[in-house]
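Okay, so here's the structure we're looking at.
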Number of protein chains: 2
Amino acid sequence: MATIKDIARVAGVSVTTVSRALNGYSDVNENTRQKIIEIAKQLNYSPNTLARSLVMNKSKTIGLLVSGLKRESSKDNFTFEVLAGVNQYVGETDYDMILFSTNSTKQREKTYTQLCRERRVDGAILQGIRIDDPYLQEVVESDIPCVLIDIPIESETVGYVTTDNVLGAKKAVQHLIDIGHKNIAMVNGYEFAFVSQKRLEGYRQALLEANLPFCTHWVVDGKFEEEIAEEKALKLLKQYPEITAFFCASDLMALGVINAVKKLDKSVPEDIAVIGYDDIFLASYSTPALSTVAQNIFAMGYEAAKLLIEMLEGKAKSHVKILETELKIRESTVKNHC
Amino acid sequence: MATIKDIARVAGVSVTTVSRALNGYSDVNENTRQKIIEIAKQLNYSPNTLARSLVMNKSKTIGLLVSGLKRESSKDNFTFEVLAGVNQYVGETDYDMILFSTNSTKQREKTYTQLCRERRVDGAILQGIRIDDPYLQEVVESDIPCVLIDIPIESETVGYVTTDNVLGAKKAVQHLIDIGHKNIAMVNGYEFAFVSQKRLEGYRQALLEANLPFCTHWVVDGKFEEEIAEEKALKLLKQYPEITAFFCASDLMALGVINAVKKLDKSVPEDIAVIGYDDIFLASYSTPALSTVAQNIFAMGYEAAKLLIEMLEGKAKSHVKILETELKIRESTVKNHC
DNA sequence: CTGAAAGCGCTAACAG
DNA sequence: CTGTTAGCGCTTTCAG
């Protein structure tokens, strides 16, 4: 593979000149430059970014640490959409992206930080990390610039992008209240998810503002899984038949709840209204079509990449980006009989 | 950031010894090694893979060139599943993977080959490339080892993984014939997709073997898109009311065909049977649940990565891997009235 | 405008 | 078992 040395030899100039010519420096004779470019083309030259990165001490590479890059997670394409968003922005720059999966065997031996340091990534985006993940702390405390998705930590080198989860949840619950529901249960994700904490808070606020009681027994954790949500909802509905509506912290769980309702020979939305969160693709395809709080996940990925690269180039004004959510009312919630 | 030089200084040995100790060479005193490892830990040392790659002339990196890493493609999660499969295998090795999107602005300036050469990837996996893509030729002719997904090109440095598309299509059409259909139309993808050519062949074979006429007017291209398939099917059904069944080259298109049938106030499967291809997640969720030819796409990604890395390590016996497909009969095909 | 020389962090003969 | 030396391909002072 041709190197600048080869070009230099053929052109009869020094490697310095070749380097400068190819990198568009101004202090090189236009004729020399043209000749060098010509020769580079003939030799089918490709710069060796490894060598360049080594000497420049930056790799123009960002690491994307994702969880949920596994087989089962294609249902809820959260990870995929983040990835697509990141990829979109990165594709518009001269950075490339290297993918680290947080559920690989490799990762069990090396921490995220090690992975990033070894590959000398300039910065990283973290998605799907639980707030009790010991490595989260480590990455954040390292000197690697990073942007977190849905985890609000901010520092000199750390930024985040998220949506307003309190408000999103509030809008959903208010909608249920608006259409006449008074006994609203919630199926949350899990304790250690930041978004779960916030959505719970939104649920609580909406109830209180409507002078409805907030009862912890009506809040269960579905671990963001369809089956668990179904199970928990089933139990809840049997124990508290007065419940007429469910607010779920994810669409997948909402689908589970709908299954539970069906199993009790009741129907959605006539007997029980159900609203989800995320607006996954399936939401609009299921029967009944699922009302939900839509998050633009692609945009989260895009903005995360944008923020990170701005941080790397030292031109980020803020390290925080909060995106909007949108209430989508479909068939699974509808004006109540009462 | 600590280097082996730092370690050498502190340990009072040469960098060579440090390098050897850390890389597990046998010709180094166990005491020295322990001391060096200890110091490395204290200094929070991370090897610089850039430097290592530069000197070793291999990067332990594979490039994944995917198309369809865009927003809209989350419906059919083909790309995602390939990605997940590749990631799974790569995660079990000491390789990392760098993601190149073939629909980025960057790619419009640089060819895939350039991208790969600049980053010095050891090999590449290509997915979603059309066989008329000019760059396909280029990559294949370059000296970069690569594995293609669903494109049968084989050479010293090129391998591929695919499924038996002729057989898959044949099974689907035979199933339609088995349940009594005689007038079976096909909605294909597009001319320049290898899988489309093969599935068409399978369709043709199944018909001929059953002594049914093969009529080109009954084969239309839906470009793998739901809406286009719907449109084309609508036209076909109006023009040839004798058609009672559709074989579609993708599930998404099958969904489109079902829409078309509904628009004519007919129903699936009573009036028209529809079978798809892929077994996307949506297939089992739609109403009626879609019969289809299931491909294990995750496995294709996994096997592609496996094959590539075996090729890189010089221990691939074959450069070709053909995976099985499985006929999944659900609600959209059912014994015909005749 | 151009070149010589140094060095990024690491590995690999080769010699002891 | 260990050190010396050279060099991977590139950028960057510093002199001309």
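Chain letters run A, B, ... following the sequence lines, proteins first and then strands; every chain starts at 1.
Here C:dG3 presents its P atom at 16 Å from NZ of A:Lys5, a figure rounded to the nearest Å. Protein atom CD of B:Gln34 is 16 Å distant from nucleotide atom C1' of D:dC1, rounded to whole Å. Taking atom CD1 of B:Ile4 as the reference point, atom P of D:dT4 lies 14 Å away to the nearest angstrom. Going from atom CZ of A:Arg117 over to atom C1' of C:dG9 covers 14 Å, rounded to whole Å. Computed from coordinates, the A:Asn31 CG to C:dT2 C1' distance equals 14 Å when rounded to whole Å.
Contact annotation for A:Thr16: base contact, defined as any heavy-atom pair under 4.0 Å involving a base atom.
At a non-hydrogen distance threshold of 4.0 Å, B:Thr17, B:Arg20, B:Asp27 from residues 17-27 of chain B come into contact with DNA chain D. Applying a 4.0 Å cut-off to non-hydrogen atoms, the residues of residues 43-60 of chain B that approach DNA chain D are B:Leu54, B:Val55, listed by residue number.
A:Ser14 is linked by a side chain to side chain donor-acceptor pair (under 3.5 Å) to A:Thr17, counting only residues two or more places apart in sequence or in another chain. Residues satisfying the side-chain contact (heavy atoms from CB on, under 4.5 Å) criterion with A:Glu154, sequence neighbours excluded, are A:Tyr160, A:His319, A:Val320. Partners of B:Arg33 by side-chain contact (heavy atoms from CB on, under 4.5 Å), not counting sequence neighbours, listed by chain and number: B:Ala21, B:Val28, B:Glu30, B:Ile37. Residues that satisfy the side chain to side chain donor-acceptor pair (under 3.5 Å) test with B:Glu313, not counting sequence neighbours, are B:Tyr95. Residues that satisfy the side chain to side chain donor-acceptor pair (under 3.5 Å) test with B:Thr113, not counting sequence neighbours, are B:Glu138. Residues passing the ring-ring contact (aromatic ring centres under 6.0 Å, His included) test with B:Phe298, sequence neighbours excluded: none. For A:Asn87, the side chain to side chain donor-acceptor pair (under 3.5 Å) partners at least two apart in sequence or on another chain are B:Ser101.
OP1 or OP2 of D:dG3 sits under 4.0 Å from a side-chain N or O of B:Ser14.
Between A:Asp122 and A:Lys58 there is no salt bridge, since none of the side-chain N atoms of the basic residue sits less than 4.0 Å from a carboxylate O of the acidic one.
Closest of all the heavy-atom pairs between B:Ile36 and B:Leu22 is CG2-CD1, 3.7 Å.
Bending across the helix from C:dC1-D:dG16 to C:dG16-D:dC1, expressed as the angle between its end axes from five pairs apiece, amounts to 40° (10° rounding).
For residues 2-27 of chain A, the set of pairs meeting the salt bridge (charged side-chain N to carboxylate O under 4.0 Å, His left out) definition, not counting sequence neighbours, comprises A:Asp6-A:Arg9. A salt bridge (charged side-chain N to carboxylate O under 4.0 Å, His left out) check over residues 35-46 of chain B, counting only residues at least two apart or in different chains, returns nothing.
Mapped onto DNA chain D by nearest heavy atom, A:Val15 and B:Glu30 fall at different nucleotides, with B:Glu30 at the one closer to the 5' end.
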